[in-house]
There are 6 protein chains.
Amino acid sequence: MRPDNRNPDQMRPVQIFRHYTKHAEGSVLIECGDTKIICTASVNEKVPQFLKGKGQGWLTAEYNMLPCSTGERMQREVIKGRQSGRTMEIQRLIGRALRSVVDMKKLGERTIQIDCDVIQADGGTRTASITGAFVALHDAVDKLLCKQLIEHTPILDHIAAISVGIHKGAAVLDLDYQEDSSCDTDMNVVMTGSLGLVEVQGTAEGIAFSREELNIMLDKAQQGIKELVAIQKTVLAVS
Amino acid sequence: MRPDNRNPDQMRPVQIFRHYTKHAEGSVLIECGDTKIICTASVNEKVPQFLKGKGQGWLTAEYNMLPCSTGERMQREVIKGRQSGRTMEIQRLIGRALRSVVDMKKLGERTIQIDCDVIQADGGTRTASITGAFVALHDAVDKLLCKQLIEHTPILDHIAAISVGIHKGAAVLDLDYQEDSSCDTDMNVVMTGSLGLVEVQGTAEGIAFSREELNIMLDKAQQGIKELVAIQKTVLAVS
Amino acid sequence: MRPDNRNPDQMRPVQIFRHYTKHAEGSVLIECGDTKIICTASVNEKVPQFLKGKGQGWLTAEYNMLPCSTGERMQREVIKGRQSGRTMEIQRLIGRALRSVVDMKKLGERTIQIDCDVIQADGGTRTASITGAFVALHDAVDKLLCKQLIEHTPILDHIAAISVGIHKGAAVLDLDYQEDSSCDTDMNVVMTGSLGLVEVQGTAEGIAFSREELNIMLDKAQQGIKELVAIQKTVLAVS
Amino acid sequence: MRPDNRNPDQMRPVQIFRHYTKHAEGSVLIECGDTKIICTASVNEKVPQFLKGKGQGWLTAEYNMLPCSTGERMQREVIKGRQSGRTMEIQRLIGRALRSVVDMKKLGERTIQIDCDVIQADGGTRTASITGAFVALHDAVDKLLCKQLIEHTPILDHIAAISVGIHKGAAVLDLDYQEDSSCDTDMNVVMTGSLGLVEVQGTAEGIAFSREELNIMLDKAQQGIKELVAIQKTVLAVS
Amino acid sequence: MRPDNRNPDQMRPVQIFRHYTKHAEGSVLIECGDTKIICTASVNEKVPQFLKGKGQGWLTAEYNMLPCSTGERMQREVIKGRQSGRTMEIQRLIGRALRSVVDMKKLGERTIQIDCDVIQADGGTRTASITGAFVALHDAVDKLLCKQLIEHTPILDHIAAISVGIHKGAAVLDLDYQEDSSCDTDMNVVMTGSLGLVEVQGTAEGIAFSREELNIMLDKAQQGIKELVAIQKTVLAVS
Amino acid sequence: MRPDNRNPDQMRPVQIFRHYTKHAEGSVLIECGDTKIICTASVNEKVPQFLKGKGQGWLTAEYNMLPCSTGERMQREVIKGRQSGRTMEIQRLIGRALRSVVDMKKLGERTIQIDCDVIQADGGTRTASITGAFVALHDAVDKLLCKQLIEHTPILDHIAAISVGIHKGAAVLDLDYQEDSSCDTDMNVVMTGSLGLVEVQGTAEGIAFSREELNIMLDKAQQGIKELVAIQKTVLAVS
């Protein structure tokens, strides 16, 4: 049995609230169980130096945890003066994942900035960030279409992410903090709406894992991502 | 008339939600109109170096704005590697204000860390932070009392804060962003529940202000703070 | 009685030496009792990015204490790699205060940089910085007029500042370090030559202060600022 | 055909030179084609704060590229004042990989510091770092055994790593820089000597990859790691 | 002829004012022509970590230029967040020079901190810093002797410094800024009161210099240092 | 006798390997006894801001030690976020030395970046860096000549450097680490191929040195530099 009595294939309840704050072009609160993240997408009519004049856009992401989002208060990174390796790794992952479903030519010479700020953390913040940020991105792109700044959507497909792991010998979907901190293998999987793999990041925390375990984990992840994409579609269906 | 049709003496609607996140000892969402701030109070069983062995506690505060909390996205301070002067000024103010109503001897050798993270900004974030943080502080102190870590509350009085200014020649209470960015004088006032002055920070943005204008502004601020303290009491009455 | 036997209304002796160093356009040593500060105003024929092409100038200020200016040697801020919150707060105050008496259009597209370096500190360094920097600013503007780089002075009025506080229950003018570190309320007041209020920053260090006390303090501050402006005028009368 | 005429299953020639520099306990130069990295393992008789008194050791890694190791000279990270996200990600990966084959209890209260400094880069620096660092680690542990500071080796298994990718539609082993910068999918695989998976990090640079492609890539990676472990064994067989 | 009509062997007028500020144990204003530097020596009853428990003291130095000390205002180093190479080089030189005449055992477990803050620069700031700092050090040591914290002076000899160079083909003593910025060779010489060499730092700015020129420069430097030591002795003779 | 049985006039064996890595225009491994340094010269078709449009080039240098190049592992400077004073002093010296033999007009508007990365340190790293970097510079300039980017070589003369010191009362050439850390005087001398002095940096570590000792040391240094220039010529003779 899992600590919160879920089945191995069972995700925590997911809720996505659109238009959560008023300033960003896209703003979403995503809740996956007790994990709560504000994901915003804001549009900047500039591109980074290396893309100037190339007729294409860019998307970049930043990730941050509020100091009291975790069990024991974390020091703000600005106090130390730099982002941790973990933060940089996560925001690079979020950016890569979302860029994989955006046609940068169609976006035009502008940058979409994704911000994922974790309000409350209970495991799975990087995957929930990707799933929520997609909805914020979608809303921001809709604004660009509405304002006729772009003619066709640059969004090629849905993108969502979920964690999966080996916990006490069994493959389980969507680890919460308690499972995550005691599992043998932790894997984050990012897939498109058409179920292509975009990122697979599996790490043996304790003992190494086998090809068989890898395949079982990927099966579960694929099932979870199907559910997440369905939720995204339902949420976005409301105009 | 004011931009949002309020009377000169009228504050924006204030809502304080307790127990907003689960990890910190005190956690509050305060909304003053469109200004929304998460204020948490967390307890650390240590004191800073300069207080070690002195048998007293400490309280300190940090303030931060989410990048998309403002109309145009702000760069995260961690990217630049340091807090801005404005941020430091505000968090020093929040800390001083709350310390003025805490008996550090009664708190014992522990530190209460206040975090004010602005989710959405529409003027008055520093004053709303103080008003909201007091409620989070109160909840954190209640936990210490419940756990019998302290015998008597170290909280001496309520504390709340409000802005007031001269806008188009008239004194107005509780400036929103639009008023704040076009006013002649901007003043932040911090008062105790018994209406003693703790901070008065008035700045002429355009033309200098007179003693008469100062007194009219202080009258309005005092009225606003009475209302805020009443709201704090109502919210805290629910156990 | 005050620690140095002054009357409650009595400022420490003030001396302002112009042309103190040779390189900056304006260079002043101001002494207020044992507080000694070098204030310079230097002219840069550029404006910050946000003002480019707007046909107006800018004024900005920096403040610093020499490590041995205080009783116990202070660490240089460059060693820590960043300015403290106190330093930033003070230099922002100095900049705002001086900008309030400068017509930026008349200044033209150039920046006046104020530097206040405390050689010896005995309380009241931020207010003495403002009073001294005004004289340095005046000298720098005179150079611009002499060189016919500007036609009319952009200086609209004098500006000066003084501290006032409640010490052992009594309102006193111009606190020295000993009083400042043991007072109940500390207030810094910045006023123009025509006695308009530009900044009022009052802080209850111990117990809160009343409206009556605030008014008594402001009366004393106004008297002090009259004297400071008279000294500025006398010093500047010498060509 | 691959740019350098290798077969899809063919790794570049690998050479490992032990005792490359004289100061560190283990010091290795690893060459994988034109990729050349100095990997050292040095022993520090301390553990990080969070492990003090727990009777176990630690291993940590740092990664760096010499400015002229790449085609266009890279700025030193110290000039910018901070490590890039890429650097942090890589050194965290190296550390995790090596820790997975070290019994920290048997290591005792000491830290092994791995340093991987890239002298010349031509793709695959992170995987070559892991493969080379294992040999340096082995030499450092041998010194501890020789000096009788530890009784039994804490090394549980070999560890090696290799990249694999989808390049022009075909799965290829051990990408050089030219292939890496134009491939559709790039995957780094870390495996133990007994062929357990420790890390799988696959990223779709262009189009998403399928489960079938993932399996083909893992097959190739496993073959490559077998070869690398054989090379490690040969090199270490010389006393 | 030299720009200011001095003879090749002629130093600029030197004045040393003791007890310049009141807080540091030793505080001196040294003026060498238009170069003006505040040199302080303050005593800290601690030693750096690497000397703890070794029964000896330490002396360290910091150097800084006020932003307006130079012809064109310099940016404060704290704004950039780090000291420049030039600053570090100079303060390391000052520290080494003064340490060479201090018996660290006799000083006991305390640190003397030298601070050299350049108020106005006109060439030769590093050498004037050494000459002035020696007097501040002497005063600080006298305070330690007075308070009977040490029994015997740890000062072994005088130390002074001067610049010398090849300017328009001729060797000249004590270069001012104008000469320094156009000379072929610039050399800083530090000598003890008994004329032992402590530092010789000669740099060809334009064409290389010969052994003969080196010897002529050293002769002039020695003469200058004799004069500086005589001035130090005269100034210190006044109790 | 010297620790490694050399004569006082005897340098350690010097080897210079050209074309050590493949990316930089010039790349050299220099070994002076156990001191081993990779020196590269890379060409950047830009000049720093202060030289733009002046029709001349620039040369700048950076120096770094690998963490395990020394007996006890050194912390990477990037971890602390800034270069040490020693590092900056050394790289400024290397840059000045090489610039003294380059005609910047003939170089044209481009920058040569020298990088000296110490692989293994055993004393004399700064002097070996200069000697080795000259060869890398020569190779980089040859590439510019080959590509006909410049018509005439901007290299005016050879440049080489050596240390010399007073160790146990005797002048010795080319100190290794053991001698360097226990000598009374340490001097670094940089000379051109025609034996002009470019830098003389002598420091009394213990007792002051005399003019006679200075002259003996310079004689030995000159002899060493003759040998180093001969080695440079031999190495460069091979095309």
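Chain letters run A, B, ... following the sequence lines, proteins first and then strands; every chain starts at 1.
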Structural part of [X] lying under 4.5 Å from a heavy atom of chain A:
X	value
D:Asp157	neither
D:Ser194	neither
D:Asp186	neither
D:Gln222	side chain

What residue, out of [options], has the most heavy-atom pairs lying under 4.5 Å from chain A?
options	result
D:Gly196, D:Ala97, D:Gly85	D:Gly85
D:Met88, D:Arg86, D:Arg92, D:Gln201	D:Arg92
D:Val190, D:Val101, D:Thr185, D:Asn215	D:Asn215

Non-hydrogen atoms of chain D under 4.5 Å away: do they reach the side chain of [X], the backbone, both or neither?
X	result
A:Arg99	neither
A:Thr203	both
A:Leu214	side chain
A:Thr87	neither

field: Sole residue of A:Gln10, A:Glu179, A:His167, A:Gln178 in side chain to side chain donor-acceptor pair (under 3.5 Å) with A:Arg2
entry: A:Glu179

task: Tell me yes or no: between the side chains of A:Arg76 and A:Asn64, is some donor less than 3.5 Å from an acceptor?
output: no

message: Checking side-chain polar atoms at under 3.5 Å, does D:Lys52 have a donor or acceptor matched by the opposite partner on D:Gln49?
response: yes

task: Answer whether the closest heavy-atom distance between the side chains of A:Ile130 and A:Arg126 falls below 4.5 Å.
output: no

- prompt: Of the non-hydrogen atoms in D:Met187 and D:Gly202, which two are nearest, and what is the gap between them?
  reply: CG-CA, 3.6 Å

- request: Identify the two heavy atoms, one from A:Ala160 and one from A:Ile225, that lie closest to each other, and give their separation to 0.1 Å.
  value: O-CD1, 3.7 Å

Parallel, tilted or perpendicular: ring planes of A:His158 versus A:His138, cut at 30 and 60 degrees: tilted

query: Is the backbone N or O of D:Leu175 less than 3.5 Å from a side-chain atom of D:Ser163, with the two atoms forming a donor-acceptor pair by type?
result: yes

